[in-house]
Amino acid sequence: MNFNHEKLDVYQVSLEYTKETFNAMEKMPSGYSYLKDQLKRASL
(Lines give C-alpha, C1' and ligand atoms only; values in the text may rest on other atoms or scores of the structure.)
Protein backbone atom coordinates (compact mmCIF):
# COMPACT_ATOMS: atom_id res chain seq x y z
CA MET A 1 0.00 0.00 0.00
CA ASN A 2 1.40 3.39 -0.96
CA PHE A 3 0.39 6.50 0.98
CA ASN A 4 0.55 10.06 -0.36
CA HIS A 5 3.04 11.23 2.28
CA GLU A 6 5.57 8.66 1.04
CA LYS A 7 5.90 10.64 -2.21
CA LEU A 8 6.94 13.85 -0.45
CA ASP A 9 10.59 14.87 -0.70
CA VAL A 10 10.70 15.78 2.98
CA TYR A 11 9.55 12.27 3.88
CA GLN A 12 12.23 10.67 1.72
CA VAL A 13 14.94 12.94 3.14
CA SER A 14 13.85 12.19 6.70
CA LEU A 15 14.11 8.44 6.04
CA GLU A 16 17.62 8.89 4.66
CA TYR A 17 18.59 11.07 7.65
CA THR A 18 17.35 8.44 10.09
CA LYS A 19 19.23 5.70 8.24
CA GLU A 20 22.47 7.70 8.22
CA THR A 21 22.06 8.62 11.89
CA PHE A 22 21.68 4.99 12.91
CA ASN A 23 24.72 4.05 10.78
CA ALA A 24 26.77 6.74 12.52
CA MET A 25 25.60 5.59 15.95
CA GLU A 26 26.81 2.06 15.24
CA LYS A 27 30.32 3.41 14.66
CA MET A 28 30.46 5.41 17.91
CA PRO A 29 32.53 4.08 20.80
CA SER A 30 30.62 2.60 23.72
CA GLY A 31 31.47 5.55 25.99
CA TYR A 32 29.07 7.78 24.05
CA SER A 33 25.83 6.05 24.96
CA TYR A 34 24.29 9.34 26.13
CA LEU A 35 24.96 10.87 22.70
CA LYS A 36 23.65 7.78 20.92
CA ASP A 37 20.44 7.97 22.93
CA GLN A 38 20.00 11.66 22.18
CA LEU A 39 20.62 11.18 18.44
CA LYS A 40 18.22 8.25 18.32
CA ARG A 41 15.44 10.20 20.00
CA ALA A 42 16.05 13.28 17.82
CA SER A 43 16.00 11.33 14.58
CA LEU A 44 12.79 9.52 15.39
Contact summary for Lys40 and Phe22, nearest pair of heavy atoms | CG-CZ, 3.7 Å

Heavy-atom closest pair, residues Gly31 and Tyr34 |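 Looks like O-CE2, 3.8 Å.
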
For the atom pair [atom1] ([X]) and [atom2] ([Y]), what is the distance rounded to the nearest 0.5 Å?
| X | Y | atom1 | atom2 | answer |
| --- | --- | --- | --- | --- |
| Leu15 | Ser43 | CG | OG | 11.0 Å |
| Leu39 | Thr18 | CG | OG1 | 11.0 Å |
| Lys36 | Lys27 | NZ | NZ | 12.5 Å |

Same apolar cluster (I L V M F W Y, side chains within < 4.5 Å links), Val10/Leu44 |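 No, it is not one cluster - the side chains of Val10 and Leu44 are not joined through contacts under 4.5 Å.
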
Look at the aromatic rings of His5 and Phe3 and report parallel, tilted or perpendicular, splitting at 30° and 60°.
->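 If you compare the ring of His5 with that of Phe3, the planes turn out parallel.
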
Any donor and acceptor pair, going by atom type alone, linking the side chain of Gln12 with main-chain N or O of Lys7 inside 3.5 Å?
->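 No: the side chain of Gln12 does not pair with the backbone of Lys7.
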
Cluster partners of Val13, using ILVMFWY side-chain heavy atoms under 4.5 angstrom, listed by chain and number?
-> none

Neighbour count above 12 (heavy atom, 6.0 Å) for Tyr32 OH =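 Atom OH in Tyr32 is not packed in, count stays at 12 or less.
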
Please name all residues satisfying side-chain contact (heavy atoms from CB on, under 4.5 Å) with Glu20, sequence neighbours left out, ordered by chain then number.
-> Glu16, Asn23

